[in-house]
2 protein chains.
Amino acid sequence: MGNAGKKQRSPDAKARVGDKDEAAYLASYKAKDYPRPSVTVDLVVLSILEGELRLLLIKRLAHPFKGRWALPGGFVRVGDGFEDQGEDLEHAALRELAEETGLPEGSIFIEQLYTFGRAYRDPRMRVITVAYYALLRPELAVKVVAGSDASEATWWSLSQPGQPELAFDHQEILERALTRIRGKLDYSDIAFELVPATFTIAELRAVHEVIQATSYDPGNFRRRFNRMLTDGIIEDAPGHRPTSTRPARLYRFRGR
Amino acid sequence: MGNAGKKQRSPDAKARVGDKDEAAYLASYKAKDYPRPSVTVDLVVLSILEGELRLLLIKRLAHPFKGRWALPGGFVRVGDGFEDQGEDLEHAALRELAEETGLPEGSIFIEQLYTFGRAYRDPRMRVITVAYYALLRPELAVKVVAGSDASEATWWSLSQPGQPELAFDHQEILERALTRIRGKLDYSDIAFELVPATFTIAELRAVHEVIQATSYDPGNFRRRFNRMLTDGIIEDAPGHRPTSTRPARLYRFRGR
DNA sequence: AGAATAGTGTCTATCAGACACTATGCA
DNA sequence: TGCATAGTGTCTGATAGACACTATTCT
């Protein structure tokens with residue numbers, strides 16, 4: 001171990017120095033001599049369970065911050081650098097998400113959030129993390145189990161006080177994710193990622209209410225909803241959702 | 001050269017293996033054995049000159065894409081990794097901006113845009129770039145000169161057809177920056193970063209028009225502007241701006 | 001029958017867009 | 001004096017928030 005620098009150098013680099021043509025130049029490129037940071041992806045995984053906004057946290061089994069709760073994430077695979085440049089960032093995020101939740105890779109919505117790279121944010125070494133947020137429909141969220149590395153995974157409520165102190169700068173990442181999501185909720189389609197495949201108006205309203213931590217007038221919300229209907233963003237779905245009183249009509253997101 | 005891997009390892013790592021305490025653990029940490037990508041910052045530097053939206057591009061002097069135009073940027077300094085973890089991402093962006101424009105480091109507005117890390121986006125090796133956008137007031141923009149590395153720097157117009165083909169995935173980065181800026185223009189204060197320190201309503205309107213590539217009714221725009229006045233976002237400034245006809249009142253952004 | 005939620009309608013304030021109009025300084 | 005731009009006022013349509021009201025189903 002500790003031979004990463006060696007492995008990443010093209011084997012016959014020196015031989016081609018001096019060649020003017022670009023292909024040869026690439027082979028002899030020496031930029032790898034600069035120190036490089038480690039790059040990770042971290043995920044703010046959110047869902048709504050039992051009417052509360054919930055965050056998926058993993059208990060760290062190793063130093064640093066051993067025993068503390070942290071966002072799921074891990075190193076981006078960059079291959080050997082030259083012949084194999086490894087996986088895309090989004091792929092790394094989806095892979096880590098699948099590994100740490102046990103869910104299949106498809107059908108999980110993620111979006112890049114921000115990149116956190118403050119020096120000393122990881123005490124071990126320079127680590128730059130590309131943060132994503134993921135939104136899980138409740139049907140999927142309940143299937144989450146601890147990943148193959150046997151680490152503990154738990155849905156913490158953000159709707160109630162008493163979250164644990166997070167490892168690294170993960171609290172800051174979480175807050176930026178919430179701010180972003182709150183800002184995008186009204187003008188984007190992300191709310192539909194937190195609702196079952198077919199849903200009632202009240203269910204969609206509950207998503208908005210839980211995320212914004214306010215309450216909306218049912219009548220006014222319905223009006224906004226009706227505009228989405230006439231705009232073709234959503235459509236009727238067959239059946240009704242039984243409730244404690246009058247059953248509610250079902251709808252379906254038409255996106256994508 | 002090629003000794004980056006060696007330099008980044010803590011000298012007495014092996015000696016402390018087995019110690020349970022966290023500090024010792026950090027010293028012996030071996031995560032550096034994973035291959036690491038290079039990390040750069042790239043900047044979409046925009047200003048408005050002669051009524052046109054302009055983008056600062058640098059002509060590449062080296063392979064790859066030698067002779068092609070590219071966004072200014074460069075490697076993030078990460079120090080030796082452990083004792084010295086190097087500079088923050090935003091600092092790297094501000095430093096590169098200063099180096100490549102000759103402008104002083106303060107008083108330039110930048111904001112992180114997105115991180116582009118597709119495999120093979122750089123043919124040499126795996127490079128992940130954290131993109132920022134910078135907005136320069138016209139007074140500053142005219143002072144930009146080619147940086148210390150003597151590379152050619154030019155303001156290209158985005159308001160007219162005929163931009164050059166950009167190096168790497170810089171076209172994609174540019175497009176994301178424009179989309180972001182167009183989206184934020186209405187609800188944020190970024191328009192004030194493209195206008196002189198004191199400005200007229202027509203000048204601010206011109207910024208909006210050039211960026212959105214539309215035209216706004218002067219009367220209606222003035223009404224929006226008046227709301228900003230009563231909200232305290234902007235305030236009167238002394239004097240008038242001479243025009244070809246009736247001089248216009250001056251205002252000043254109150255932010256920060 | 002009563003309770004609770006689904007679903008509809010109305011009123012008001014705010015704001016954007018269209019557009020007509022007045023004011024002022026320069027050529 | 002004419003003209004271009006600065007600056008004001010008015011009308012209309014769309015939308016959000018407050019709130020009163022009707023409809024339907026479960027218990």
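Just so we're on the same page: letters track the sequence lines, and every chain starts at 1.
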Between [N] atom [atom2] and [X] atom [atom1], what is the distance in whole Å?
{"X": "B:E203", "N": "D:dG7", "atom1": "CD", "atom2": "C1'", "value": "16 Å"}
{"X": "A:F225", "N": "D:dA16", "atom1": "CZ", "atom2": "C1'", "value": "18 Å"}
{"X": "A:R224", "N": "C:dG7", "atom1": "CZ", "atom2": "P", "value": "17 Å"}
{"X": "A:L229", "N": "C:dT8", "atom1": "CG", "atom2": "C1'", "value": "15 Å"}
{"X": "B:I201", "N": "D:dT8", "atom1": "CD1", "atom2": "P", "value": "8 Å"}
{"X": "B:R241", "N": "C:dG25", "atom1": "CZ", "atom2": "C1'", "value": "17 Å"}
{"X": "A:R249", "N": "C:dG7", "atom1": "CZ", "atom2": "P", "value": "7 Å"}
{"X": "B:D231", "N": "C:dC15", "atom1": "CG", "atom2": "C1'", "value": "13 Å"}

Below 3.5 Å, does any donor atom in the side chain of A:D217 face an acceptor in the base of D:dC19, or the other way round?
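Checked by distance alone, the answer is yes.
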Check whether the side chain of A:R223 and the base of D:dG17 form a donor-acceptor pair under 3.5 Å.
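Donor-acceptor pair under 3.5 Å: yes.
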If you assign B:Y216 and A:R205 each to the DNA chain C nucleotide with the nearest heavy atom, which residue ends up on the more 5' nucleotide?
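Closest to the 5' end, via its nearest nucleotide, is A:R205.
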Look at the aromatic rings of B:H208 and B:F221 and report parallel, tilted or perpendicular, splitting at 30° and 60°.
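It falls in the perpendicular class, over 60°.
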If the plane angle is over 60° it's perpendicular, under 30° parallel, otherwise tilted; pick one for A:F199 and A:Y251.
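Rings of A:F199 and A:Y251: tilted, 30 to 60°.
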Determine, stepwise, if the pair B:R60 / B:F168 fulfils side-chain contact (heavy atoms from CB on, under 4.5 Å).
CA-CA 11 Å; B:R60 285 187 59 82; B:F168 305 104; 3.6 Å; yes
Using heavy atoms to find the nearest nucleotide of DNA chain D for A:N220 and A:T243 separately, return the residue whose nucleotide is more 5′.
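Result of the comparison: A:N220.
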Salt-bridged, A:R224 to A:D186, with N to O below 4.0 Å?
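Here A:R224 pairs with A:D186 in a salt bridge, since their nearest N and O are under 4.0 Å apart.
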Would you check if there is a donor-acceptor pair between the side chains of B:N220 and B:R223 at a distance under 3.5 Å?
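Yes, a side-chain donor-acceptor pair sits under 3.5 Å.
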On the nucleotide D:dA23, are OP1 or OP2 found under 4.0 Å from the side-chain N or O atoms that A:R246 carries?
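A:R246 to D:dA23 OP1/OP2: no side-chain N or O under 4.0 Å.
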Which nucleotide in the list D:dT25, D:dT8, C:dG25 gets nearest to the side chain of B:P247?
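Ranking D:dT25, D:dT8, C:dG25 by closest atom to the B:P247 side chain puts C:dG25 first.
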Nearest to side-chain heavy atoms of B:R227, which nucleotide of C:dA6, C:dC15, C:dA4:
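Of C:dA6, C:dC15, C:dA4, C:dC15 is nearest to the side chain of B:R227.
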